[in-house]
**Q** 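Shown below is the structure under consideration.
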Amino acid sequence: MPVLTRLIPSPVVVDIRAGALDDLAGILADQRISSSGRLAFAISGGSGQKLREKVAPALTGADWYEVCDGTIDSAVKLADDMKGNRYDAVVGLGGGKIIDVAKYAAARVGLPLVAVATNLAHDGLCSPISILDNDNGRGSYGVPSPIAMVIDLDVVREAPVRFVRSGIGDAISNISAIADWELSHRIKGENVDGLAAAMARTAGESVLRHPGGVGDDEFLTVLAEALVLSGIAMSISGDSRPSSGACHEISHAFDLLYPKRAASHGEQCGLGAAFAMHLRGAHEQAGLFAEVLRRHGLPVTPDEIGFSPDEFVRAVEYAPQTRPGRFTILEHLDLTHDQIRDAYADYAKTISS
Ligand SMILES: [Zn+2]
């Protein structure tokens with residue numbers, strides 16, 4: 001019998017709203033998540049303590065684990081510390097680093113992961129990927145996607161605005177990543193998962209076209225939902241393809257070439273995406289990207305994050321090496337240093353007019 005449908009790996013609970021954290025105990029009491037109330041919370045030493053004070057009184061069956069950094073060592077230590085205790089689930093309560101550490105540790109001890117995100121910096125919140133620092137720099141580890149996803153907009157608004165800006169750049173870059181995926185399909189015959197592409201593209205477009213700004217709840221809701229949908233799109237495709245193309249290769253190149261000076265993930269991805277759209281000849285789209293990024297206070301040229309045009313050109317030149325095997329507009333055009341320099345000059349002229 002043919003398979004008539006497919007099951008999508010996705011959270012059983014997605015709760016995005018102002019005040020969601022006040023109801024965390026109720027959400028976690030969901031029988032599908034925790035029947036005994038025994039939960040292991042992973043939090044940071046700093047801002048995590050304040051959140052703990054807020055939610056701990058209603059969660060008497062919880063144990064609390066402090067995570068000091070986003071390394072694989074911390075993730076392994078968390079898993080080791082939890083061993084021997086019976087829990088229904090692990091709860092990652094914090095920013096991307098805490099959630100990534102909790103994701104990896106939960107996978108290691110075979111428990112489901114509840115992600116409670118305190119900022120909207122990137123689309124890794126709900127993805128099946130844990131990004132951790134290791135001895136070789138940084139690694140991406142495949143993990144199950146979260147069983148529940150909670151985002152309290154009141155908490156998100158308290159985080160520095162640059163976190164929200166970063167999430168905007170990451171969400172918008174989906175559109176460029178999908179264009180790369182479709183290019184690879186045309187040139188290389190790579191399979192495109194239509195459902196993953198639909199979700200990731202819709203997520204990107206909803207942020208790109210939303211008239212609101214970082215200060216209003218309606219916009220923050222759309223942004224949070226876009227980041228969650230991007231993560232589920234990655235679960236569907238089984239890799240980061242729906243949300244990561246030339247835009248992300250350029251961002252990774254910034255991280256690797258200029259580790260001390262790199263800007264935020266979303267700032268670099270947004271800039272990379274605008275430039276990638278220009279490279280593929282979609283000048284009108286590149287102009288729209290630049291206009292929206294500017295409106296939200298994101299950079300559209302490298303000097304706005306402290307890099308010279310030449311440093312940017314070097315990052316673009318190096319970018320394909322950051323993701324061997326991934327085919328994007330950069331691998332397709334295979335530009336020389338001088339050609340990238342000319343393309344950048346053309347881009348800078350186009351978006352300033
Ligand atoms: Zn990203």
Side-chain angles (χ1 to χ4, degrees), residues 70 95-100 103 115 117 119-133 137-143 145-146 149 151 156 159 162-181 196-197 199-208 222-256 259 262-277 289 292-293 296 298-300 305 315-316 319-320 322-323 326 328-330:
K97 258 184 210 168
I98 297 295
I99 290 175
D100 276 352
K103 267 186 195 170
N119 69 55
L120 300 177
H122 57 78
D123 61 19
L125 310 170
C126 200
S127 74
I129 299 160
S130 164
I131 295 173
L132 299 169
D133 292 331
R138 192 161 281 179
S140 298
Y141 303 88
V143 293
S145 52
M149 183 77 233
I151 299 173
V156 164
R162 68 191 152 86
F163 286 129
V164 176
R165 289 192 180 126
S166 178
I168 295 169
D170 205 18
I172 289 175
S173 78
N174 282 7
I175 299 162
S176 176
I178 301 288
D180 282 324
W181 204 3
M199 288 173 78
R201 192 196 325 263
T202 304
E205 290 282 352
S206 66
V207 174
L208 184 73
V222 166
L223 176 61
E225 288 176 346
L227 298 175
V228 169
L229 287 178
S230 299
I232 296 172
M234 289 188 253
S235 289
I236 292 172
S237 71
D239 56 21
S240 62
R241 201 42 153 142
S243 297
S244 165
C247 46
H248 277 60
E249 289 185 339
I250 292 171
S251 175
H252 296 323
F254 269 110
D255 293 340
L256 289 166
S264 75
H265 176 76
E267 285 178 325
Q268 293 174 171
C269 290
L271 167 60
F275 183 63
M277 293 315 280
F289 274 43
V292 172
L293 292 172
H296 291 300
L298 281 138
V300 294
I305 42 172
V316 174
T322 65
R323 232 25 237 257
R326 184 151 289 184
T328 76
I329 189 69
L330 299 177

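As the structure lists them, so they are numbered: ligands from 1, and atoms in each ligand from 1. All heavy atoms count here, side chains included; hydrogens, waters and symmetry mates do not.
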**Q** Is the Zn ion (ligand 1) less than 2.8 Å from at least one N/O/S atom of His248?
**A**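 Coordinating: yes.
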**Q** Please enumerate all residues that pass side-chain hydrogen bond (donor to acceptor under 3.5 Å, both in side chains) together with Ser130, with sequence neighbours excluded.
**A**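 Per chain and number, Ser130 pairs via side-chain hydrogen bond (donor to acceptor under 3.5 Å, both in side chains) with no residue.
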**Q** What's the shortest heavy-atom distance between Gly167 and Leu227, and which atoms?
**A**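 Shortest heavy-atom contact: O-CD2, 3.7 Å.
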**Q** Would Gln268 and Asp255 count as a side-chain hydrogen bond (donor to acceptor under 3.5 Å, both in side chains) if you check the C-alpha gap in whole Å, the side-chain angles of each, and the deciding distance to 0.1 Å?
**A** CA-CA 9 Å; Gln268 293 174 171; Asp255 293 340; 3.2 Å; yes
**Q** Quick one: which of Asp170, Thr328, Thr322 gives a side-chain hydrogen bond (donor to acceptor under 3.5 Å, both in side chains) with His248?
**A**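 Testing each of Asp170, Thr328, Thr322 against His248, the sole residue satisfying side-chain hydrogen bond (donor to acceptor under 3.5 Å, both in side chains) is Asp170.
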**Q** Need one value: angle at the Zn ion (ligand 1), His265 atom NE2 versus Asp170 atom OD1, rounded to 10 degrees.
**A**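 An angle of 100° at the metal.
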**Q** Is it true that some N/O/S atom of His122, main chain or side chain, lies under 2.8 Å from the Zn ion (ligand 1)?
**A**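 False for His122.
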